[in-house]
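Lettering follows sequence order; numbering is per chain, from 1.
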Protein chains: 2
Amino acid sequence: MTNKSLKISDIAKKLNISSSTISRALTNPNLVAKKTRKFILKEVNKLKYIPNIHARNLRTKSSKTILFLVRDIDNQFYFEVFRGIEKVAKKSGYSVLMGSTDNDLKKEIDFFNMVKSNQVDGMILMTGRLPSRKIFSLNELKQMPIILSLEDIPEVNFNSLTIDNFQAAKEATNYLIKLGHEKIAHITSPLSETRIGILRRDGYRDALKKSGIKINSKFEYIGDYTVESGAAACKKLFKSANKPTAIFCSNDEMAYGAINQLRRMKINVPNKVSVIGFDDLPMSKSFYPPLSTIYQPRFLIGEKSMELLFEKIKIQKNKIDNIKLKTKLIIRDSSAKRIK
Amino acid sequence: MTNKSLKISDIAKKLNISSSTISRALTNPNLVAKKTRKFILKEVNKLKYIPNIHARNLRTKSSKTILFLVRDIDNQFYFEVFRGIEKVAKKSGYSVLMGSTDNDLKKEIDFFNMVKSNQVDGMILMTGRLPSRKIFSLNELKQMPIILSLEDIPEVNFNSLTIDNFQAAKEATNYLIKLGHEKIAHITSPLSETRIGILRRDGYRDALKKSGIKINSKFEYIGDYTVESGAAACKKLFKSANKPTAIFCSNDEMAYGAINQLRRMKINVPNKVSVIGFDDLPMSKSFYPPLSTIYQPRFLIGEKSMELLFEKIKIQKNKIDNIKLKTKLIIRDSSAKRIK
DNA sequence: TTGAAAGCGGTACCAC
DNA sequence: GTGGTACCGCTTTCAA
């Protein structure tokens, strides 16, 4: 671990050229005569020089790094989003880091401080919440190079990218109705923390209402996005005398849990009960039965979020247009016509 | 995005105390008189001062950050490992970043350069390979604060932590034999890239041999860790006249694929065919049927890897003891007695 | 226990 | 197009 690491001044001395020129040759090649540049780059490569990033960042007050902050890093959903972000970021020479709050308030504040202290140049937030106003004022937050992605926080009128959750849920429910189902249950997202759950539930309710189906609160089970809650929901729903013939779940994982539980109870999916999810996780197409679900354009979500962030970094304020993306209903084998 | 960010000298001026003392109060409190310290910290908190990490890192030549490098960041396997690493790292005030090579050589070299240039203080490698000797000499690599985790590269005698893959595979196969199976197929890891696949296959073969079962190369299918390859394997295995009654898969995902394919072919698991995986991913216990598999102590793997790394950072050389961890066979519902 | 000052390794301004 | 030099913000000697 001997760290006699090479610096610009070493190369400068060796080549009898000023540090400034070396630096320029490395970061602004077109400011340097072609001949000099070639001469320098040749030596730099030969010596395998690596710039000290801390020195550079200190001087430029920029790290060319952006942070993608999520609630739980192990959720399969995020990776394609990450790749979308990375693709756009890379084009401008930025790297992307992924951070996870794990519902830890302290961690969350640390990440925001990374933005505040310029340790990263910006942040894409998918956690659906902001730190307390006691830590950062709303005004301060709005000034920061941050984009809200997927989970909007409308009260604060922050730059954001969302999908149309209401419409997507409505479409899924309408599809079930078209299949002949009337007793349609819904396993929701956790409803208190984020708005997404409410929007999807309202989409579900709206579809029922518009089709003249009475909303039955017994058919709404408040889930928490886990496989286990999907299973628990089914246990409860099918204990009752009035059993649903279809279930719309607010994410795929709960749909997995629901289907597994139905199987344990010897209730066939989709013949007896249709199940439909939300997200279209990678697993869903190889699940058994392959899961009907709402596809969210994850890669695009990442790309567009990053574009928004770049825009915000550039214009340094909060006045850019927000974006709302469309989803798509994917029909596979977990849903079928109601057999009367 | 106005960045009038506060610095130590600002506080120094305001408090009429030298910057040195402020810095000490923040990083070496016991070098500062209690009274002064309290006075300083009170102001620091009030002003919400955040140290400039680039300046600090530049000065100390250490970032208190370590890198966890994997091949594909979206593999569920890694997260608990990550948490184990993080737990140990945190105790010493270190943060952990996770990086993914995505099989991109350039990316890989970049990550190694992060270590070389002190951008991170060390690295835990789970990619099972080192960059070409043309980029880094073997000697240079060995000097670097890097630990090989899970995927050893024995030719280079690098510090490493592994699990006993041979033994684990043998145990899984023996268990199937004990259930009365003799026609046991094996879906392997990709065999050319890493040693793990070979070790597991050899463990499988050894179990058969020791039980007097003839090794049948037709029963060995070379997989690639994906769900799809598990399904493809089954398609092929069950087209033949000589069908296996049990399958040992080199990871859980291929087991998922195998089970789904068997179901499509109306072959009941576990009544007709037993399937056993390797890894015990979070999904496996809620899979249908719940998957029998080899549990790898992921959290412990993370903790121990980080401890090894700290040791290596401390003693600055490659002479620490390597570690080999034990696995555990988890029996669930995807395996059963052979029905004759 | 505290302060002054040097310096980490780059970049960017200014002059030529 | 190139060089000299100040400076980014922190830590760490050294001296008091």
Residue mapping more 5' on DNA chain C - nearest nucleotide basis, B/Thr36 or B/Thr60: B/Thr36

Interatomic distance, B/Ile17 CD1 vs C/dA4 P [rounded to whole Å]: 12 Å

Is it true that a side-chain atom of B/Arg71 and a backbone atom of B/Thr127 form a donor plus acceptor pair closer than 3.5 Å? yes

Measure distances between side-chain N and O atoms of A/Arg37 and base N and O atoms of D/dG1, and say whether any donor-acceptor pair falls under 3.5 Å. no

Is any side-chain N or O of B/Ser9 closer than 4.0 Å to OP1 or OP2 of D/dG9? no

Give the rounded distance in Å between these two atoms: CZ of A/Arg59 and C1' of C/dC13. 8 Å

Calculate the interatomic distance between B/Asn57 atom CG and D/dG9 atom P; express it in whole Å. 15 Å

Rounded to the nearest Å, what distance is computed from the NE2 atom of residue A/His54 to the P atom of nucleotide C/dG10? 11 Å

Taking for each residue the nucleotide of DNA chain D with the nearest heavy atom, is it A/Asn16 or B/Ile8 whose nucleotide lies nearer the 5' end? A/Asn16

Tell me if the side-chain of A/Ser20 makes a donor-acceptor pair with the base of C/dA12, cut-off 3.5 Å, by modelled atom types. yes

Between B/Tyr49 and D/dC10, is there a side-chain N or O to OP1/OP2 distance below 4.0 Å? yes

A/Gln76 (side chain) donor-acceptor with B/Asp74 (main chain) under 3.5 angstrom: yes

Looking at A/Arg24 and C/dG10, is any side-chain donor or acceptor paired with a base atom of the opposite kind under 3.5 Å? no

Would you say a side-chain N or O of A/Lys61 is under 4.0 Å from OP1 or OP2 of D/dG9? yes

Mind calculating the distance between CG (A/Asn52) and C1' (D/dC10) to the nearest angstrom? 14 Å

Selection from D/dG3, C/dG3, C/dG9 that lies nearest to any side-chain heavy atom of A/Ser18: D/dG3

Counting N and O atoms only, with roles assigned by atom type, does the side chain of A/Asn45 sit under 3.5 Å from a partner on the main chain of A/Leu41, one being a donor and the other an acceptor? yes

Quick one: B/Lys64 NZ to D/dC10 C1', roughly how many Å, whole number? 16 Å

Euclidean distance, atom CG of residue B/Leu26 to atom P of D/dG9 [Å, nearest integer]: 16 Å

Chi angles and distances behind the side chain to side chain donor-acceptor pair (under 3.5 Å) call for A/Ser137, A/Asn139: CA-CA 5 Å; A/Ser137 73; A/Asn139 200 44; 5.5 Å; no

Side-chain N or O of B/Ser23 closer than 4.0 Å to phosphate OP1/OP2 of D/dT11: yes

For a quick check of understanding: with a heavy-atom distance under 4.0 Å over all strands, which category does B/Thr27 fall into, base, sugar-phosphate or nothing? sugar-phosphate

Stepwise side chain to side chain donor-acceptor pair (under 3.5 Å) test for A/Asn57 and A/Ser63: CA-CA 5 Å; A/Asn57 290 347; A/Ser63 56; 5.1 Å; no

Please state how far atom NZ in B/Lys34 lies from atom P in C/dT1, giving the value in whole angstrom units. 12 Å

